[in-house]
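Data block below; observations after.
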Protein chains: 2
Amino acid sequence: MARLAGVSTATVSRALNGTGQIAPATGAAIDAAVQQLGYRPNTVARSLVTKSTQTIALLLPDIANPFYAALVSGIQERALAAGSTMLLCTTEGDPEREEQYLSLLRAKQVDGVLVDGLVLPPERIADFVREGLPIVCLDRDIDSTSVPLVQVDNRLGAQIATEHLLSLGHRLIAHVAGAPGLRISAERIGGYDDALAAAAVERRRTHVAVGSFTEEGGYGAMRALLAGSPPTAVFAANDLSALGVMHAIAESGRRVPEDISVVGFDDLRLAAHTTPPLTTIHQPAFEIAQRATQLLLDLAAGREVPQRLHLLEPELVVRGSTAALA
Amino acid sequence: MARLAGVSTATVSRALNGTGQIAPATGAAIDAAVQQLGYRPNTVARSLVTKSTQTIALLLPDIANPFYAALVSGIQERALAAGSTMLLCTTEGDPEREEQYLSLLRAKQVDGVLVDGLVLPPERIADFVREGLPIVCLDRDIDSTSVPLVQVDNRLGAQIATEHLLSLGHRLIAHVAGAPGLRISAERIGGYDDALAAAAVERRRTHVAVGSFTEEGGYGAMRALLAGSPPTAVFAANDLSALGVMHAIAESGRRVPEDISVVGFDDLRLAAHTTPPLTTIHQPAFEIAQRATQLLLDLAAGREVPQRLHLLEPELVVRGSTAALA
DNA sequence: AGCGTAGACGTAACCGCTTACAGCAACCGC
DNA sequence: GCGGTTGCTGTAAGCGGTTACGTCTACGCT
């Protein structure tokens, strides 16, 4: 122990943490000892007394979804700046596992948890915050007033996407929706409806197909759409769906964008490299993540967070998958 | 504290951990108290004495790379079964950050760390294992004998990919390599060479372009290839590169696979939904992750791990991006 | 009756830190 | 010369668990 090479454990603690005053000479001696032994304070002992583990958790269904993955760097950046690390917990959309994890995380004394896409009843989540576990929700919201939320303005994004298609002359615009029952899906349908209504374009029920935010979902939904009266453009609820949509279109012998235009939502890194490159709605994932993390850190530090809802701006990115109606 | 509702803390501890004998009646009383208070033992206090944090870490450059993300579920599955959680640490390929994290993880007393794609000198890593930090490497290897490694047989995979192209009649087969200087890139080049040599096909130096395992890298490399004497087929070092490759091909007015066939490596989930769907080499990511995690857990538990190198089998998945030479 | 033993629990030390609190110089002003 | 600061450091009490050890009761055996 560094104390052998120096003085008392209390002084070492103070020196290393920069709390209290230490004589220059003692400081140097301690530094030397630390250097020599390669001493690193045991953080778990530290956590036991300080009540802070310098650890936050990210709880979401599946990190293989590129959008979720895109959130990580923003979290990491903020967390690292605060000296914290991040536990990643994936739930596969299983509410039991969500609860199990939340309970485990509390036992582990994490400083807080970031949640995305949970399916657990909001009141169960509220129970945890009531017990003192800081939670903030990002991206996909839960129906709760007890948890701050930061996400993109989904309704606006969907509206912008649809308006883009309208401005290209399209009138037969389909929507491949997200997973049913989620508020985020409903918001995007809402934006789509808003845009159509504003342009006085009839909104055909047969033109909104239900997907699941996955390639498979988009693929299936688009095949169904093509089997009916094919649209000239489609707004997919996210980029992954859009991939499936384009796959189905190509398979049917049609071309994107010559025969059918498609616009996605998310602006994943790979959207720039699909064939053709995907026109989509950009979500500021990095900032969403940063903002949410900062909020969580504030909460954990006992600071009050002013507003509950943080909406960020979506942005249209035009690439090669949309074209004017022939 | 549950002890109020029951007996002594020692007994509670024994009851909850199932160590030692406890009378049925006491057990019931404790259960009741636990239930009533919603008591959950503080794991950090526990860790302080048991020396086990039930936490492992995953250290890699960037979780936004879908292949890395695909590893997570296999890790999660094994870790959860062992009651452990996983810290995710992303380094952006920065060696200083790698070292900083490793050092932090040691201070945090994690039970072990899984590393992938590190660029830190192997001897620095060896220092950590020497100090008692269990480390196992998966996917991308480091040049060290002190760390167990589990990965797919890269050379064989590359060979299979190239043979597939050869069997379709192609002779002008290019390779868009991975990031230069990495052993994994070299292995895949090696497999490509092996296949060409076995078929007595000339290997033109101008037909291997350097990429970087990213869409951008593949795109750039393919543009360079097209600017020279275009191949009739290309083997991309991974699926992400293949995306970029297909992008560049489409942009040049050529078609996949009619004009140029392309095969990737990884078999990302999205490979089935590119346009056209990508023929690729399947990597058993889930099993690689599982195996590596199990190894790490074994190491952490003080069990000896028999062999250092674990090679898993790649597999060709034929989809729509390859066709017989016209 | 006496002793050994097994079962069920309590006592207390300890894990490696942080942090009151107190002690002790040296230094200040008057 | 003396009380009051100020600067620096040590002592010790935890933080919330685990666990070696000891104790006590009840029981079995001779």
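Quantities reported herein were computed from a predicted structural model and do not represent experimental measurements.
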Quick one: which of [options] gets closest to the side chain of [X]?
| X | options | result |
| --- | --- | --- |
| B:R46 | C:dC17, D:dT18, D:dT11 | D:dT18 |
| B:S13 | D:dT19, D:dG10, D:dT9 | D:dT19 |
| A:S8 | D:dT11, C:dT11, D:dG17 | D:dT11 |
| B:A45 | D:dG16, D:dT9, C:dC17 | D:dG16 |
| B:Y39 | D:dC8, D:dA12, D:dG17 | D:dG17 |
| A:V49 | C:dC15, D:dT18, D:dG14 | D:dG14 |

Checklist entry - Does the side chain of A:T50 pick up a donor-acceptor pair with the side chain of A:S52 at under 3.5 Å? => result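 Judged by distance alone, the side chains do not pair up.
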Checklist entry - In terms of side-chain heavy atoms, does B:T145 have a donor or acceptor partner in B:R308 at a distance below 3.5 Å? => result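 No donor-acceptor contact under 3.5 Å links the two side chains.
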Item to check | Upstream residue (5' side of DNA chain C) when B:T26 and A:R14 are each assigned their closest nucleotide | outcome: B:T26
Checklist entry - Start at the 5' end of DNA chain C and walk down; is the nucleotide closest to B:A25 or to B:L48 reached first? => result B:A25
Distance check: side-chain N/O of [X] vs OP1/OP2 of [N], anything under 4.0 Å?
| X | N | value |
| --- | --- | --- |
| B:K51 | D:dT18 | no |
| A:N17 | C:dT18 | yes |
| A:T11 | D:dG10 | yes |
| B:T50 | D:dT18 | no |

Checklist entry - Within 45 degrees of the axis of the six-membered ring of A:F213 and under 6.0 Å from its centre: does A:R140 put its NZ or CZ there? => result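 That pair qualifies as a cation-pi contact.
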Integer-rounded Å distance: [N] [atom2] and [X] [atom1]:
| X | N | atom1 | atom2 | value |
| --- | --- | --- | --- | --- |
| B:I30 | C:dA8 | CD1 | P | 13 Å |
| A:K108 | D:dG16 | NZ | C1' | 16 Å |
| B:I22 | C:dG10 | CD1 | C1' | 15 Å |

Item to check | Salt bridge present between B:D127 and B:R106 (N-O < 4.0 angstrom) | outcome: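 Answer for the salt bridge query: no.
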Next on the checklist: Whether the side chain of A:S47 engages the backbone of A:T43 through a donor-acceptor N/O pair (distance < 3.5 Å, no angle test) should be reported.
Outcome noted: yes
Next on the checklist: So B:Q21, base contact, sugar-phosphate only, or nothing? Heavy-atom distance under 4.0 Å.
Outcome noted: sugar-phosphate
